[in-house]
Amino acid sequence: MSAADMKALPKTRNIGISAHIDSGKTTLSERILFYCDKIHKIEDVKGGGAGATMDHMELEREKGITITSAATTVEWNGTGTKGITYAEGDGKSIKVNLIDTPGHVDFTVEVERSLRVLDGAILVLCSVAGVQSQSITVDRQMKRYRVPRLAFLNKMDRMGANPFNGVKALREKLGHNAVLMQLPIGAEENFNGVVDLISQLAYYFDGENGEIVRIEAVPANMVDQAKSYREALLDAISAFDDQMMEDLLEGKEISDETIHRTIRNATQALKLTPVFMGSAFKNKGVQPLLDAVARYLPSPVSCEKPKAIDSKTNEKIDLYPDFDKGLVCMAFKITDEQFGQLTYTRIYQGKLTKGDTLINTRTKKRVRVGRIVRMNSNDRANIDYAGAGDIIAMIGVDCASGDTFVSEDGNLEHLSCEGMHIPIPVIELSIKARDKEHQARMAKGLQRFIKEDPTFHLFTDEESGETRIAGMGELHLEIYTERLKREYKAEVDVGAPQVNYRETIRGEASFEYTHKKQTGGSGQFAKVAGKIKPLTTDRKEREDQVYRFTNEIRGGVIPSEFIPSCDKGFNDVMNKGPLAAFPVIDVEAFLQDGQYHDVDSSDMAFRIAARMAMRDAIKKANPVLLEPIMKVEVESPQEYQGFVIGDLSSRRGVILGSETTDTGDAIINAHVPLSEMFGYSTTLRSGTAGKAGYSMEFAKYEACPSHVQDKVMNDRKEKLNERAD
């Protein structure tokens with residue numbers, strides 16, 4: 001790679017745009033592409049045209065929502081005659097690798113895997129609604145991967161827009177140290193521009209598409225307010241710079257360069273969230289936001305060092321954005337296409353050249369990279385090479401999402417990049433093709449979907465023999481069944497959605513089991529003993545199939561080579577609980593004693609013994625059925641608040657609280673069992689004259705009431721009996 005490529009690395013930004021559904025992420029992305037000269041015409045997310053660039057799927061344009069994350073690369077040259085002062089590199093231009101992510105909770109894995117590979121993010125909030133339910137989820141994902149972020153209060157032209165409430169919500173609901181960087185000029189339909197608190201200049205956005213940025217003095221009626229908020233800004237950020245704090249106390253003038261440097265350092269340390277504002281739809285405020293991306297968000301050089309796990313030592317090691325080191329890159333998203341698999345890849349270390357042979361550290365297989373492309377939504381441009389800090393796509397490389405690739409000659413095949421959190425499916429339904437021809441098409445489509453989306457599961461119900469799919473919500477599965485019909489011409493019938501229950505234990509139980517079998521020749525012998533108890537953790541998010549194995553064997557009563565087989569045997573039982581054959585979670589197994597035979601003991605014998613022991617122990621440990629509880633947020637006119645609360649309560653919902661917005665609407669938050677939420681949108685529309693809306697996301701698993709548990713168990717038994725008949 002050239003010296004110019006090395007020099008450009010500090011001027012690269014890998015960022016994502018994330019938010020609650022319908023906050024304006026894709027609209028903002030469209031303006032960024034336009035102002036960076038990537039596109040020459042702005043298209044709207046909704047409204048009969050060609051559709052927004054980043055929403056390339058037909059279904060996305062029909063429904064007006066983002067379903068799958070899309071990547072692009074743009075160059076930004078700065079706003080205004082004074083340009084931008086950068087901390088890293090020289091010149092004004094920066095390269096931005098941008099990923100636009102979905103807002104709907106059903107497609108949250110797209111946000112998850114995007115944030116896993118990004119260095120910074122823009123958290124978009126509606127300036128009317130403020131922090132909403134999915135805003136909280138997205139923020140939690142950003143914190144999980146320690147992604148520095150800017151906040152953008154969008155829709156400042158809407159009635160009820162209030163940036164000060166937005167900052168307050170960021171502080172109180174998300175725990176951010178949020179600080180305003182701008183003040184609005186005008187409000188609601190009279191929103192005309194912003195005042196930059198650092199430069200004390202007013203920015204207006206003229207031209208048909210806001211492409212002409214006019215910079216003037218602060219309006220006379222806002223001078224005192226702007227000075228006051230600038231002082232508040234300096235006071236807030238001086239906590240991160242001792243010299244600035246001293247200069248402020250002594251009444252010295254603080255240079256703009258010092259202010260920018262302090263904001264940048266605090267933002268990248270996750271101690272500050274700079275807040276900007278505008279209206280993407282009305283083409284106002286986007287260019288200063290891009291300036292802030294350049295000034296404050298990290299490059300691959302300055303971001304927190306990504307980690308890889310060394311399988312030899314099980315230790316975490318740092319990866320460096322150095323082109324001369326051995327290649328380490330991660331496949332974070334895959335898509336099967338007509339000409340082979342498209343693998344979205346983040347390069348963390350080294351360089352990747354077309355024609356290179358790489359090693360997949362999971363499979364240990366060698367693969368040749370025949371083609372590398374740079375993505376612009378669904379379009380692609382061929383490139384010959386890419387280096388550390390870049391996000392590109394490889395074509396024709398077979399792998400799974402999350403796989404790590406390393407260079408063939410770097411002795412790095414023992415490394416793997418840290419994985420990503422995969423949410424658990426909470427809903428499932430049966431799916432059946434109309435005939436054999438459609439069955440083949442359906443199977444082909446489903447295999448593609450489960451490969452691309454780790455939250456989409458496919459399995460055969462042992463009791464009914466049905467093919468079943470599981471996912472994050474009704475919309476999630478609806479989209480995939482629609483894609484089967486459109487993309488694979490597979491006519492399918494789907495059953496009613498069903499809840500993905502789980503089972504767990506509430507008490508301790510001991511186990512002791514001897515597996516003995518003699519059939520002539522060498523037999524099978526294994527004895528295991530120990531106990532199980534509920535696995536209690538302080539984690540905020542429950543992961544699927546949570547199980548922990550603790551080996552307490554002393555004195556070699558079970559040889560060490562058989563211990564892993566005992567672990568596997570215990571874990572085998574976790575897939576099917578004793579109550580209704582749902583997966584078991586939150587169990588800790590302690591292997592404390594046992595016995596073996598020099599000739600007849602084997603891995604399989606100990607695995608069988610452990611399996612039978614665990615099965616009996618779970619039955620004795622007070623097993624209970626768990627149901628998924630959803631966090632539901634309803635926004636409704638005040639006049640219908642009583643109806644909404646009463647209806648949620650009738651669905652076994654627990655009302656967490658309610659608040660009133662500046663526009664007079666009520667926001668009701670509740671925890672409601674998923675099984676009670678089917679068909680809720682129809683009920684809500686009819687009960688509020690179509691004036692209320694809601695969002696829903698998985699919150700936790702909780703024990704079912706006894707009457708619900710009995711019903712679920714009886715339904716499962718009836719299915720089994722029907723099949724037997």
Side-chain angles (χ1 to χ4, degrees), residues 19 23-24 28 79 120-131 135 139 148-158 160-188 190-205 215 218-219 221-241 244 248 254 256 258-268 270-280 284-297 662:
S23 294
L28 176 61
T79 298
I122 300 172
L123 175 62
V124 181
L125 302 174
C126 173
S127 58
V128 180
V131 172
S135 310
D139 181 69
R149 76 221 69 163
L150 309 175
F152 182 68
L153 297 172
N154 195 22
K155 303 187 179 183
M156 282 295 298
D157 59 304
R158 292 268 300 272
N162 189 325
F164 307 105
N165 282 351
V167 171
K168 183 180 178 183
L170 277 166
R171 292 171 179 164
E172 295 179 355
K173 292 186 177 181
L174 299 183
H176 285 222
N177 182 15
V179 178
L180 276 174
M181 299 287 121
Q182 301 168 329
L183 289 176
I185 301 174
E188 300 177 346
N190 296 317
F191 173 68
N192 293 317
V194 295
V195 170
D196 180 78
L197 293 177
I198 298 174
S199 66
Q200 293 285 283
L201 292 171
Y203 284 67
Y204 301 92
F205 307 91
I215 304 176
V218 176
N221 65 335
M222 292 186 66
V223 170
D224 291 342
Q225 184 189 24
K227 286 182 179 179
S228 174
Y229 273 90
R230 188 178 194 273
E231 290 173 4
L233 166 63
L234 295 180
D235 184 57
I237 66 173
S238 64
F240 307 107
D241 189 297
M244 181 190 287
L248 278 176
I254 309 297
D256 289 0
T258 299
I259 297 171
H260 289 312
R261 185 190 66 243
T262 305
I263 293 172
R264 179 178 63 251
N265 293 340
T267 300
Q268 295 185 16
L270 302 177
K271 295 178 180 178
L272 182 74
T273 303
V275 181
F276 298 83
M277 65 191 70
S279 169
K284 300 182 191 302
V286 177
Q287 294 95 325
L289 178 66
L290 280 167
D291 291 347
V293 167
R295 284 191 176 112
Y296 307 135
L297 292 183
D662 289 348

Do you know the tightest heavy-atom contact between [X] and [Y]?
X	Y	value
Pro184	Phe191	CB-CE1, 4.0 Å
Leu183	Ala226	CD1-CA, 3.8 Å
Phe152	Gly285	CE1-O, 3.8 Å
Leu170	Ala178	CB-CB, 3.8 Å
Pro288	Tyr203	CG-CD2, 4.2 Å

Heavy-atom distance under 4.5 Å between the side chains of [X] and [Y], does that happen here?
X	Y	value
Met277	Ser127	no
Asn154	Leu28	no
His176	Asp139	yes
Lys227	Val218	no
Leu123	Thr273	no

Query raised in the report: Can you tell me if Asn162 uses its side chain to pair, donor with acceptor, with the backbone of Gly160 under 3.5 Å?
Result: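 No, the answer is negative, given that no donor and acceptor are paired below the 3.5 Å cut-off.
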Query raised in the report: Within the distance-only criterion (no hydrogens, no angle test), does the side chain of Ser228 pair as donor or acceptor with the backbone N or O of Asp224 below 3.5 angstrom?
Result: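 Answer holds: no.
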Spacing of [X] atom [atom1] and [Y] atom [atom2] [to the nearest 0.5 Å]:
X	Y	atom1	atom2	answer
Ile254	Leu234	CD1	CG	6.5 Å
Ile185	Asn190	CD1	CG	12.5 Å
Leu153	Ser23	CG	OG	10.5 Å
Gln200	Met222	CD	CE	9.5 Å
Ser199	Gln182	OG	CD	9.5 Å
Ser135	Lys173	OG	NZ	8.5 Å

Query raised in the report: For Arg230, which of Asp256, Asp235, Asp196 qualifies under salt bridge (charged side-chain N to carboxylate O under 4.0 Å, His left out)?
Result: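 When Asp256, Asp235, Asp196 are each tested with Arg230, the salt bridge (charged side-chain N to carboxylate O under 4.0 Å, His left out) holds only for Asp256.
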Query raised in the report: Going through the checks in order, is the side chain to side chain contact (heavy atoms under 4.5 Å, CB included) test met by Ile263 and Ile198?
Result: CA-CA 11 Å; Ile263 293 172; Ile198 298 174; 3.7 Å; yes
Requested in this report: Would you mind checking if Lys271 and Asp241 are paired as a salt bridge, meaning a charged N to carboxylate O distance below 4.0 Å?
Outcome: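 No.
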Report task. For Tyr296 and Gln268, run side chain to side chain contact (heavy atoms under 4.5 Å, CB included): C-alpha distance rounded to whole Å, both residues' side-chain angles, the deciding distance at 0.1 Å, then the answer. Result -> CA-CA 7 Å; Tyr296 307 135; Gln268 295 185 16; over 6 Å; no
Query raised in the report: Picking from Leu270, Leu297, Thr267, what satisfies side chain to side chain contact (heavy atoms under 4.5 Å, CB included) with Arg149?
Result: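 For Arg149, the side chain to side chain contact (heavy atoms under 4.5 Å, CB included) test succeeds with only one of Leu270, Leu297, Thr267, which is Leu270.
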